[in-house]
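FYI, side chains are in, hydrogens and waters are out, and symmetry mates aren't considered; it's all heavy atoms of this structure. We count ligands from 1, going down the list as the structure has it; atoms in each ligand are counted the same way. Residues: numbered from 1 along the sequence shown.
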Amino acid sequence: MSDYKKKVSGAAGFIRSKLHDSPEIAIITGTGLGEIASSIENPDSISYREIPGFTVSTVESHPGRLIWGKLGGKPVLILQGRFHLYEGYSPLEVSFPIRVLQILKIKTLIISNAAGGLNPLYTAGDIMVIKDHINLTGANPLVGPNHDDWGIRFPDMRQVYDPELAGKAMEAGAAFGIEVKQGIYAGLMGPSLETPSENRYLQRIGADAVGFSTIMEAIAAVHAQMRILGLSIITNMNNPDRPEPTTMEAVIQVAGKSAKKLEAVLSKILEGLDAE
Ligand code: HPA
């Protein structure tokens, strides 16, 4: 067994020994969205540091805790904090938590993130359901020997994001009077933000939003045969013709404000999910 696989199964075994039930749904929370964990019923948690082999996050807004309990009446695992390529983590390190979730038999993965808006019809604070993505990171978590028991060598990427889950997110938004957008997420490595020309380019290739996360996780999760729902909070607008400053503080603030909307949408989606 490779060292990576040993680390994944060690971490999964440790987490399993802590869980009270067997969740089939996991949520990865992004920038400023960690508060979602506060609506979990009977939460229990451990720091990533306590999990053998688990990577520890370096970004302040991503504390790095694994939380479990119930949301919308369903057992869930929440990964509060994630790893980014721009922090210097390899694609395998970024996707490590997804492999742990795969061993824990997670079937549905909900990925949230903060993103810059490119579609001129969007405004800061909007929630966007990810329809598809464009991987511009130059990286891929499946590079290297394929683990056939985890998934196939050349996974089909026609439908990364589950249309049924996307539909449920749209319905959940409508039920709360929240207009939820649907769009294409372009993933870059970062950490430098986009130039106006890059934003124009991203618009031209069909992207509605841009960010520095999600892609590595989504590719590993496709390989792991998970159903994926991706939700972006549009924290700032990237208009190439009228560039405005983007600060991390503003991003976190807008994400924090929209987190309540996202939480409501999320728990409604979970309520409506059938137990498999
Ligand atoms: N670009 C990249 N990532 C982001 C942005 C952005 O404008 N906003 C929030 N995350």
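- Only the side chain of N238 comes within 4.0 Å of ligand 1, judged by heavy-atom distances.
- Side-chain polar atoms of D44 and H20 form a donor-acceptor pair below 3.5 angstrom.
- Counting only N and O atoms by type, the side chains of E93 and T55 include no donor and acceptor under 3.5 Å apart.
- The A114 neighbourhood of ligand 1 comprises atoms 9 (C), 10 (N), with distances under 4.0 Å to a heavy atom of that residue.
- One distance of note links CZ of F212 with CG of L136; it measures 11.5 Å at 0.5 Å rounding.
- Which parts of ligand 1 touch G211 is read off a 4.0 Å heavy-atom cut-off, strictly below it: atoms 2 (C), 3 (N).
- Given atom 2 (C) of ligand 1, the protein heavy atom at minimum distance is E194 OE2, 3.3 Å.
- Interface atoms of ligand 1 facing G116, defined by a heavy-atom separation under 4.0 Å, are 4 (C), 5 (C), 6 (C), 7 (O), 8 (N), 9 (C).
- For the side chain to side chain contact (heavy atoms under 4.5 Å, CB included) with Y185, the qualifying choice from I134, N113, D208 is N113, the only one to do so.
- Atoms of ligand 1 found under 4.0 Å from any heavy atom of T235, numbered from 1 in the order shown, are 8 (N), 9 (C).
- Counting heavy atoms of neighbouring residues, nucleotides and ligands inside a 6.0 Å radius, atom CE of M157 exceeds 12 of them.
- Residue-ligand proximity, L193 to ligand 1, at heavy-atom distances under 4.0 Å covers atoms 1 (N), 2 (C), 6 (C).
- E263 has a carboxylate O that lies under 4.0 Å from a charged side-chain N of K260, or vice versa, which qualifies the two as a salt bridge.
- Ligand-side atoms of ligand 1 in range of N236: 5 (C), 6 (C), 7 (O), 8 (N), 9 (C), range being under 4.0 angstrom from any heavy atom.
- R82 pairs in a side chain to side chain contact (heavy atoms under 4.5 Å, CB included) with only one of the listed residues (T29, V94, T214, I98), which is T214.
- Under the 4.0 angstrom criterion for non-hydrogen atoms, T246 is not in contact with ligand 1.
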